[in-house]
Q: 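So that we are looking at the same thing, I have put the structure below in structure tokens.
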Amino acid sequence: MNIAIVGATGMVGRTMLQVLEERGIEIENLYPVASKSSLGTKVAYRGAFYDVCLLEDALERDVDYALFSAGGSLSTEWAPKFAAKGIVVIDNSSAWRMDENCPLVVPQINIDSIGLNNKIIANPNCSTIQLVMALAPLHREFVIKRLVISTYQSITGTGKAAVEQMEQERNTGESQQMVYAYPIDKNCIPHCDEFLDNGYTKEEMKLVHETRKILGVPDLPITATAVRIPVVGGHSESVNVAFENAFDVESVIALLQNTEGVDVVDDTANNIYPMPINAHGKDAVMVGRIRRDESQPNTLNMWVVADNLRKGAATNAVEILEKLTKK
């Protein structure tokens, strides 16, 4: 395979390379793509070093797959150019997720939504991926009626500059580069992405729209609140899900235990439950605090945690690549 990694020097791009290497994926020619400011630098992969190139350079090469992680505006402009040359684009931005002609894919759930003519495949938002990994097997069995979601999201979802802000605040008490409107260390900010006219943020509405698309329920009632917290290990989510059908907690646990990519971490007698510090560097979606909501019928509470740079972004994209090559 000949692969281009667009945004190769960013946090997700570097994690993509790491996941590709961990999985032993053979790449004949690797093209790490970044901005002009990164020209002259090299990217390491499986003991070799590759020169960073520009998008226009990669477009002229013999590329089979392009993994994009460089922002929505860039993907909007360049993904169609790659697709027009027959290159399959797996895009990590929000640019193509709600396009009706582009499949929005979590491989364990809906890899079959990718058709032969789909040259642009959308990677869902990080918080959506871990959510639907836990929900999809339960929806098939019990039919989801309504979702209430609160997220507690890692600063790595904002990027390197956010990590630098937190580190500066911890080391000196203040930051010279404010990515967030407020200090993030020793704080939590109920503001992920831009606010919309309905009072929700873009991040919150991504959870709504993307979950509906992946589960195939366009009118599913969902409400979400997204909060940024000072951790680096991954995103956490409190999920309250109402079902059409009756369930028992033991059946829920068994379903999740038998779901590829999901680890049930739920032993409250010994204070064992999912935490981002334990999810860091792992690909599994961890689910715990599984319990019945006693305030209304057929309703469940659970706590879902995953590394947002891995399963929430890079690993999911690489898994799509793996499934496509096997297909």
Side-chain angles (χ1 to χ4, degrees), residues 1-21 25 27-97 99 102 119-123 125-126 154-168 175-180 193-194 202-203 232 308-310 312-318 320-321:
M1 287 189 295
N2 300 326
I3 295 180
I5 307 291
V6 180
T9 58
M11 294 187 78
V12 174
R14 290 188 180 278
T15 308
M16 284 177 175
L17 288 163
Q18 180 182 344
V19 174
L20 286 164
E21 185 162 350
I25 294 178
I27 300 176
E28 185 173 355
N29 292 296
L30 175 66
Y31 303 106
V33 179
S35 63
K36 288 182 179 179
S37 62
S38 295
L39 287 178
T41 61
K42 294 180 182 291
V43 168
Y45 182 75
R46 302 192 75 180
F49 292 89
Y50 298 84
D51 293 319
V52 167
C53 65
L54 300 177
L55 271 162
E56 45 265 50
D57 300 325
L59 191 60
E60 297 305 315
R61 309 293 174 85
D62 182 20
V63 175
D64 300 306
Y65 295 92
L67 277 58
F68 274 56
S69 184
S73 59
L74 185 144
S75 292
T76 300
E77 178 183 357
W78 286 91
K81 296 177 181 179
F82 278 72
K85 292 193 64 175
I87 300 166
V88 176
V89 174
I90 302 171
D91 181 52
N92 197 58
S93 79
S94 60
W96 303 97
R97 290 174 186 159
D99 189 306
C102 293
K119 296 301 181 185
I120 301 176
I121 300 159
N123 212 35
N125 186 41
C126 45
S154 164
I155 57 171
T156 55
T158 309
K160 289 187 290 186
V163 177
E164 291 169 0
Q165 176 183 333
M166 187 183 75
E167 289 176 346
Q168 288 174 8
S175 173
Q176 303 303 314
Q177 179 176 294
M178 295 292 289
V179 179
Y180 303 115
D193 213 324
E194 300 173 14
K202 282 186 177 180
E203 183 78 7
V232 296
N308 55 294
L309 293 180
R310 290 186 67 98
T315 298
N316 199 74
V318 172
I320 293 171
L321 173 69

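As the structure is a computational prediction, the values presented were derived from the model and not from experiment.
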Q: So which pairs with a foot in residues 154-163 pass salt bridge (charged side-chain N to carboxylate O under 4.0 Å, His left out), sequence neighbours left out?
A: none

Q: Nearest 0.5 Å please: distance from the CE atom of Met16 over to the CD1 atom of Ile5.
A: 6.5 Å

Q: Would you mind reporting whether Leu309 and Val12 have side-chain heavy atoms less than 4.5 Å apart?
A: yes

Q: Can any side-chain N or O of Gln165 pair as donor or acceptor with the backbone N or O of Tyr180 at less than 3.5 Å?
A: yes

Q: Please round to the nearest 0.5 Å and tell me the distance separating atom OG of Ser69 and atom CE of Met11.
A: 11.0 Å

Q: The test is side-chain contact (heavy atoms from CB on, under 4.5 Å); show your working for Leu59 and Trp78 and say whether it passes.
A: CA-CA 9 Å; Leu59 191 60; Trp78 286 91; 3.9 Å; yes

Q: When rounded to the nearest 0.5 angstrom, what is the spacing between CG in Leu321 and OG1 in Thr315?
A: 12.0 Å

Q: May I ask you to decide whether Glu194 forms a salt bridge with Lys202, counting only side-chain N to carboxylate O separations under 4.0 Å?
A: yes

Q: Testing the basics here: between Arg310 and Gln18, what is the closest heavy-atom pair and its distance to 0.1 Å?
A: NH1-NE2, 3.5 Å

Q: Do you know the tightest heavy-atom contact between Val89 and Ala83?
A: CG2-N, 4.3 Å

Q: Could you go through the side-chain contact (heavy atoms from CB on, under 4.5 Å) check for Lys81 and Leu55 one step at a time?
A: CA-CA 10 Å; Lys81 296 177 181 179; Leu55 271 162; over 6 Å; no

Q: Keeping the roles fixed (side chain from Asp57, backbone from Leu54), state whether a donor-acceptor pair exists under 3.5 Å.
A: yes

Q: For the residue pair Tyr45 and Ile25, establish whether any side-chain heavy-atom pair is separated by less than 4.5 Å.
A: yes

Q: Are the side chains of Lys119 and Ile87 in contact, using a 4.5 Å heavy-atom criterion?
A: no

Q: Looking only at heavy atoms, which two atoms of Glu203 and Cys126 are closest? And how far apart?
A: OE2-SG, 4.5 Å

Q: Using only atom types and a distance under 3.5 Å, with no angle test, would you say the side chain of Ser75 pairs donor to acceptor with the backbone of Gly71?
A: yes

Q: Check whether any side-chain heavy atom of Val6 sits under 4.5 Å from a side-chain heavy atom of Leu67, and report yes or no.
A: no

Q: Keeping the roles fixed (side chain from Arg14, backbone from Thr9), state whether a donor-acceptor pair exists under 3.5 Å.
A: yes

Q: Between Asn2 (side chain) and Asp62 (backbone), is there a donor-acceptor pair under 3.5 Å?
A: yes

Q: What's the spacing between Tyr65 OH and Ile90 CD1 if we round to 0.5 Å?
A: 7.5 Å

Q: Between Lys85 and Arg61, which heavy-atom pair has the shortest distance, and what is it?
A: NZ-O, 4.2 Å

Q: For a side chain to side chain donor-acceptor pair (under 3.5 Å) with Asn308, tell me which candidate from Asn125, Thr15, Thr156 qualifies.
A: Thr156

Q: Quick check for you: to the nearest 0.5 Å, what is the distance between Glu60 atom CD and Tyr31 atom OH?
A: 11.5 Å

Q: Looking at CG of Asp51 and NZ of Lys42, how far apart are the two atoms once the value is rounded to the nearest 0.5 Å?
A: 3.5 Å

Q: Apply side-chain contact (heavy atoms from CB on, under 4.5 Å) to the pair Val88 and Phe82, showing each step before the final yes or no.
A: CA-CA 7 Å; Val88 176; Phe82 278 72; over 6 Å; no

Q: Could you go through the side-chain contact (heavy atoms from CB on, under 4.5 Å) check for Val33 and Val52 one step at a time?
A: CA-CA 6 Å; Val33 179; Val52 167; over 6 Å; no

Q: Keeping the roles fixed (side chain from Glu28, backbone from Met1), state whether a donor-acceptor pair exists under 3.5 Å.
A: no

Q: Between Glu164 and Gln177 (side chain of the first, backbone of the second, donor and acceptor by atom type, cut-off under 3.5 Å), is there such a pair?
A: no

Q: Under the 3.5 angstrom rule, does the side chain of Asn92 hit a backbone N or O of Asn123 as a donor-acceptor pair?
A: no

